[in-house]
Amino acid sequence: MQARSGRLEYVETIRGLACLLLVAFHVTGTNLTDGLMLDQWHPLRIVNDGLDNSRMPIFSFISGFVLSAAIVSVSQWQGAMLSKVKRLLVPMAVVSAIFYAMRALADYDQQPFLSIFFVQYAHYWFLQATFVLTALLLTVSLLLKGRSDLAAVVLLIFFVPFFIFVGRWEPNVMSMFQGSYLAPFFLSGHLFAYYLRHRTQRDEGDLPAWLTVVLGVLLALLLVVNTAVVLELLHLPRPIVNVHRVILGLCSALFLFLFKPRSKILFYFGTHTYAIFLFHVMFTGTTREVLQKLWPALPPELIFLPAFLMGLFGPILIEKLALKTDLTALLLLGIDLKAQRHKAARRKEETAQAVPGAWAPVIPTAPRETG
């Protein structure tokens with residue numbers, strides 16, 4: 001089922017779910033000494049940490065799924081790369097600089113300012129890593145004359161063992177340590193979209209229901225193991241932990257894509273995910289700190305909900321305001337409104353020039369990329 005604006009309803013629903021999990025994670029805190037500073041055995045901490053290897057893999061799987069990477073010419077490659085610079089790197093630079101300034105005013109210890117544009121900083125590492133992975137896939141696709149499926153396979157063969165066996169390095173330029181972790185999910189998402197298009201063209205229908213059930217059972221078992229590892233109840237060698245992380249991330253994404261959940265609420269947040277991703281920490285952190293200063297004895301459970309809601313609706317308000325001008329839309333959201341208007345006008349002109357009543361076959365296309 002396809003929703004408005006060419007968006008697949010279940011994909012946006014999954015994106016919305018991942019978005020809610022991400023906001024909840026940052027409200028709770030990324031470790032025991034930030035956020036709500038909950039102890040290791042608090043239910044919110046256990047749930048959030050247990051899903052640690054599901055959230056970002058789902059996001060990355062979706063990014064690969066919606067990416068059109070069949071590049072056959074240098075000019076096409078240049079256009080795609082420019083589009084990604086605008087969509088990923090421009091808001092990454094602008095919004096991370098704003099976040100850095102906010103934390104500096106609050107007297108947080110931080111890394112050198114200029115480094116935030118080239119190495120890992122806060123959660124904006126995801127945009128750096130996704131840009132590099134996208135650039136690699138587009139480039140290899142160009143070299144393989146548009147075979148983006150084959151390009152994804154080649155990169156998978158490299159990145160999976162690389163992530164499993166290679167440890168962290170410094171400097172972490174463009175967050176490619178995290179990028180090596182995301183690569184299996186990003187590339188698998190792209191391959192899964194390719195596979196589904198071919199099933200549709202062959203009119204083979206949906207994948208069997210039993211496969212969803214099997215993946216669901218496997219996912220539940222893997223989540224239990226992951227929680228045990230996070231709580232330090234289970235100790236495994238690093239390569240085994242990394243294999244587990246890859247399998248868990250893939251099972252999380254594939255299960256949701258086979259299950260195809262649909263929810264109007266999650267769909268709504270899914271359509272605003274990029275703005276929520278960029279700005280939510282500004283609202284969750286501010287709300288949490290204000291409440292803690294006004295009512296120092298307020299239980300963390302009562303802080304969670306208002307901070308969580310502000311982390312969702314605050315960025316949506318920023319998005320609506322940013323879309324009012326071309327400049328703010330580009331700087332804060334990576335959206336080129338001027339290019340969108342030109343494209344819409346060109347499409348309207350082409351439609352007007354078409355012969356009335358002429359018949360043309362409808363060619364199925366990949367789902368529209370939303371960032």
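Just the heavy atoms: all of them, side chains too, but no hydrogens, waters or symmetry mates, feed the values below. Starting from 1, each residue takes its place in the sequence as its number.
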- Is any side-chain N of the basic residue among D336 and K338 closer than 4.0 Å to the acidic one's carboxylate O? no
Side-chain touch F257/V11, heavy atoms, less than 4.5 angstrom | yes
Set out, in order, the CA-CA distance, both residues' side-chain angles and the distance that settles side-chain contact (heavy atoms from CB on, under 4.5 Å) for V230 and I46, then state yes or no. CA-CA 8 Å; V230 168; I46 292 174; over 6 Å; no
Treating Q76 as the side-chain partner and V72 as the backbone partner, does any N or O pair qualify as donor plus acceptor under 3.5 Å?
yes
Smallest heavy-atom separation, P91 atom then Y274 atom, equals CG-OH, 3.4 Å
When every non-hydrogen atom of N172 is compared with those of F177, the smallest separation belongs to OD1-N, 2.9 Å
Check: Side-chain contact, heavy-atom cut-off 4.5 Å: Y195 with L207?
Finding: yes
TODO: Indicate yes or no: at least one non-hydrogen side-chain atom of F186 is less than 4.5 angstrom from one of T134.
DONE: yes
Are more than 12 heavy atoms from other residues, nucleotides or ligands located less than 6.0 Å from atom CG of L298?
yes
inquiry  = Using the rule that Ile, Leu, Val, Met, Phe, Trp and Tyr join whenever any side-chain heavy atoms are under 4.5 Å apart, tell me whether M37 and Y108 fall into a single cluster.
reply    = no
Exercise for the section: Determine, using ring centers only, whether F117 and F113 are less than 6.0 Å apart. Expected result: yes
Exercise. Do T130 and V132 come within less than 4.5 Å of each other through their side chains, counting heavy atoms only?
Worked result: no
Tightest non-hydrogen contact, residues I164 and N242, listed as O-ND2, 3.2 Å
The reported gap from OH in Y100 to OG in S96 (rounded to nearest 0.5 angstrom) is 10.5 Å
Going by atom type alone, with no hydrogens or angles, which donor-acceptor pairs under 3.5 Å involve a side-chain atom of residues 307-324 and a protein atom two or more places apart or on another chain?
from, atom 1, to, atom 2, distance (Å)
E319, OE1, H272, ND1, 2.5

message = Could you tell me if the side chain of M92 sits less than 4.5 Å from the side chain of R87, heavy atoms only?
response = no
Pairing donors with acceptors under 3.5 angstrom, does anything connect the side chains of T325 and T328? yes
Quiz prompt | Residue pair V154, F159: steps toward the side-chain contact (heavy atoms from CB on, under 4.5 Å) verdict | solution = CA-CA 9 Å; V154 170; F159 272 112; over 6 Å; no
According to a 4.5 Å side-chain heavy-atom criterion applied to Ile, Leu, Val, Met, Phe, Trp and Tyr, with indirect links allowed, do F165 and L155 form part of one hydrophobic cluster? yes
All heavy atoms of T28 vs all of R45, minimum pair found to be O-NH2, 3.7 Å
>> Using the rule that Ile, Leu, Val, Met, Phe, Trp and Tyr join whenever any side-chain heavy atoms are under 4.5 Å apart, tell me whether V214 and I247 fall into a single cluster.
In response: yes
Between the CG atom in L302 and the CG atom in L305, the distance rounded to the nearest 0.5 Å is 9.0 Å
The reported gap from CG in L20 to CD1 in I265 (rounded to nearest 0.5 angstrom) is 9.5 Å
Any side-chain heavy atom of Y10 sitting closer than 4.5 Å to one from F259?
-> no
ask   = Taking a hydrophobic cluster as the set of Ile, Leu, Val, Met, Phe, Trp and Tyr residues connected by side-chain heavy atoms closer than 4.5 Å, whether directly or through intermediates, do L211 and L196 fall within one such cluster?
value = yes
- Please check if L88 and V85 belong to a single hydrophobic cluster, counting links between Ile, Leu, Val, Met, Phe, Trp and Tyr side chain heavy atoms closer than 4.5 Å. yes
Worksheet item: Quick one: are F59 and T273 in side-chain contact, heavy atoms under 4.5 Å?
Response: yes
message = Checking Y194 against H198: is there a side-chain donor and acceptor pair closer than 3.5 Å?
response = yes
Is there a salt bridge (charged side-chain N to carboxylate O under 4.0 Å, His left out) between D149 and R197? Walk through the geometry before answering. CA-CA 12 Å; D149 57 321; R197 284 197 297 272; over 6 Å; no
Take L51 and L223 through the side-chain contact (heavy atoms from CB on, under 4.5 Å) test and state the conclusion after the steps.
CA-CA 7 Å; L51 293 170; L223 286 171; 4.0 Å; yes
To the nearest 0.5 Å, atom CG of L182 lies from atom OG of S63 at 8.5 Å
ask   = Would you find a donor on one side and an acceptor on the other, under 3.5 Å apart, between the side chain of R15 and the backbone of I62?
value = no
Are R262 and F267 in a cation-pi contact, defined as NZ or CZ under 6.0 Å from the six-membered ring centre and within 45° of the axis?
no
message = Under 3.5 Å, is there a donor on one side chain and an acceptor on the other for D49 and Q40?
response = no
In this structure, CG of L133 is separated from CE of M174 (nearest 0.5 Å) by 10.5 Å
Report the relative orientation of the aromatic rings in F277 and H280; use parallel for angles under 30°, tilted for 30 to 60°, perpendicular for over 60°. tilted
For residues 206-222, the side-chain hydrogen bond (donor to acceptor under 3.5 Å, both in side chains) pairs (sequence neighbours left out) are D206-K260
Check: Should the pair E170-R168 be classified as a salt bridge under the 4.0 Å nitrogen-to-oxygen rule?
Finding: yes
Go through the side-chain N and O atoms of S252 and S54 and say whether any donor and acceptor fall under 3.5 Å apart. yes
Margin query: Quick check against the 3.5 Å criterion: does H190 have a side-chain atom that pairs as donor or acceptor with the backbone of L67?
Written below: yes
In short, side-chain hydrogen bond (donor to acceptor under 3.5 Å, both in side chains) pairs touching residues 215-226 with sequence neighbours left out are N53-N226, N226-H244
Y121 and Q128: side-chain donor and acceptor closer than 3.5 Å?
-> no
Would you find a donor on one side and an acceptor on the other, under 3.5 Å apart, between the side chain of N48 and the backbone of F25? yes
- Taking C-beta and beyond as the side chain, do P261 and I14 meet within less than 4.5 Å on heavy atoms? yes
- Message: Ring centroids only, cut at 6.0 angstrom: are Y181 and F163 within range, meaning strictly under it?
- Response: yes
When rounded to the nearest 0.5 Å, the distance separating OG1 of T284 from CG of L36 is 9.5 Å
Checklist entry - Does S115 use its side chain to pair, donor to acceptor, with the backbone of P112 at less than 3.5 Å? => result yes
According to the interplanar angle, ranging from 0 to 90°, do the rings of Y124 and F99 count as parallel (below 30°), tilted (30 to 60°) or perpendicular (above 60°)? perpendicular
### Query
Counting distance only, does the side-chain N/O of T13 pair as donor-acceptor with the main-chain N or O of E9 below 3.5 Å?
yes
Query - Aromatic centroids of W125 and F131 separated by under 6.0 Å - result: no
On a heavy-atom basis, the closest approach of S141 and A69 is OG-O, 2.5 Å
Here the pair of heavy atoms bringing I303 nearest to Q292 is CD1-CG, 3.5 Å
request  = Evaluate the side-chain contact (heavy atoms from CB on, under 4.5 Å) criterion for residues V224 and L221: first the C-alpha distance (whole Å), next the side-chain angles of each, then the deciding distance (0.1 Å), finally the verdict.
outcome  = CA-CA 5 Å; V224 170; L221 294 173; 5.8 Å; no
